[in-house]
Student: 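Have a look at the structure that comes next, please.
This one's a predicted model, so the numbers in the text were calculated from it and none came from an experiment. Just follow the structure's listing: the first ligand is 1, and inside any ligand the first atom is 1.
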Amino acid sequence: MEIDLTQIRPDRHHVERVYEASAFGERGQPHFRVKDPVRVSLEIAKDEDRYRVQGRATTALEVECSRCLEPFPAPIDASFDLRYLPQGDARGDDVEIADEDLSTAFYHADRLDLGQLLEEQFYLALPMKPLCREDCAGLCSECGANLNVRACGCTRTWQDPRLLGLRGLLDAGKHRP
Ligand SMILES: [Zn+2]
Ligand SMILES: [Zn+2]
């Protein structure tokens with residue numbers, strides 16, 4: 001999953017590729033697993049030894065719900081705009097950091113690691129706390145049952161602190177003369 005930069009023409013160069021999910025292997029673990037073929041479309045602009053890579057990648061990832069811990073499919077449509085410098089190039093530290101706020105990455109041996117690029121973009125495209133659905137009920141804090149699947153009958157001691165605060169206000173109101 002690499003792009004041979006020696007094949008990139010000096011003008012804009014368009015790349016369209018489709019990768020089977022299996023091509024990603026363990027990439028993304030433990031945060032996600034690539035489930036669907038990945039469609040990538042890239043515009044690569046060359047400026048001497050620097051490259052600007054603008055593109056879009058779509059696929060579906062399998063991620064774990066942060067609340068009930070069940071895997072679920074998350075559709076991904078990631079757009080990116082990156083600047084690639086040769087590895088070990090100090091210019092990445094200081095030059096044109098303000099330049100359109102591009103993210104800077106590095107290539108080496110005239111090859112751009114598209115697998116790594118996609119892995120990073122997928123990671124960025126995922127929410128910090130993925131939820132299988134907005135109202136995921138999560139796991140029972142007593143017995144660990146998935147409350148989306150069944151009610152377990154436990155008496156759960158945990159209560160939403162916001163509701164406790166509200167109840168306090170209501171109780172205070174009741175005792176008012
Ligand atoms: Zn869930
Ligand atoms: Zn329970």
Side-chain angles (χ1 to χ4, degrees), residues 1-3 15-44 52-84 97 100-107 112-176:
M1 239 186 284
E2 290 183 328
I3 290 177
V15 178
E16 291 275 356
R17 293 200 184 162
V18 179
Y19 292 103
E20 290 304 319
S22 57
F24 287 80
E26 293 298 302
R27 279 185 187 273
Q29 292 287 311
H31 305 289
F32 60 79
R33 188 184 296 275
V34 178
K35 289 296 279 183
D36 280 6
V38 177
R39 292 172 191 283
V40 193
S41 132
L42 302 173
E43 293 286 344
I44 304 178
R52 180 171 175 174
V53 180
Q54 293 170 282
R56 182 174 170 202
T58 56
T59 186
L61 305 179
E62 184 178 78
V63 298
E64 188 178 85
C65 176
S66 61
R67 217 176 268 168
C68 70
L69 310 183
E70 287 295 319
F72 70 97
I76 293 290
D77 185 345
S79 295
F80 45 89
D81 188 347
L82 304 167
R83 178 174 60 171
Y84 274 83
I97 284 301
E100 300 166 62
D101 197 27
L102 294 185
S103 304
T104 300
F106 296 91
Y107 67 88
L112 189 156
D113 185 346
L114 193 54
Q116 186 187 1
L117 183 160
L118 292 171
E119 183 178 15
E120 288 172 4
Q121 294 305 317
F122 293 161
Y123 183 71
L124 291 172
L126 288 173
M128 292 285 281
K129 291 193 179 300
L131 288 178
C132 63
R133 55 185 215 217
E134 275 303 313
D135 62 347
C136 171
L139 302 177
C140 171
S141 56
E142 297 298 315
C143 72
N146 183 342
L147 300 174
N148 297 316
V149 179
R150 65 188 180 93
C152 58
C154 293
T155 308
R156 282 183 292 282
T157 47
W158 186 87
Q159 286 180 289
D160 190 326
R162 290 167 299 179
L163 292 183
L164 288 179
L166 186 61
R167 184 169 307 155
L169 283 177
L170 291 173
D171 286 347
K174 268 184 223 150
H175 297 300
R176 220 172 266 153

Student: Might you point out which heavy atoms bring P130 and F72 nearest each other, and give the distance in Å?
Tutor: CB-CZ, 3.9 Å
Student: Any donor and acceptor pair, going by atom type alone, linking the side chain of E119 with main-chain N or O of F122 inside 3.5 Å?
Tutor: no
Student: Let's go through L118 and V40 carefully: what are the C-alpha distance in whole Å and the side-chain angles of both, what is the deciding distance for side-chain contact (heavy atoms from CB on, under 4.5 Å) to 0.1 Å, and is it a yes or a no?
Tutor: CA-CA 9 Å; L118 292 171; V40 193; 3.9 Å; yes
Student: Have a look at the Zn ion (ligand 2) and estimate, to 10 degrees, the angle subtended by SG (C140) and SG (C143).
Tutor: 110°
Student: To the nearest 0.5 Å, how far apart are CG in L126 and CD in Q121?
Tutor: 11.5 Å
Student: Could you tell me whether a side-chain N or O of S41 sits under 3.5 Å from a main-chain N or O of R56, the two making a donor and an acceptor?
Tutor: no
Student: Mind listing the protein N/O/S atoms less than 2.8 Å away from the Zn ion (ligand 1)? Waters don't count.
Tutor: C65 SG, C68 SG, C132 SG, C136 SG
Student: Rounded to the nearest 0.5 Å, what's the gap from CZ on F24 to CG on L61? Could you check?
Tutor: 9.0 Å
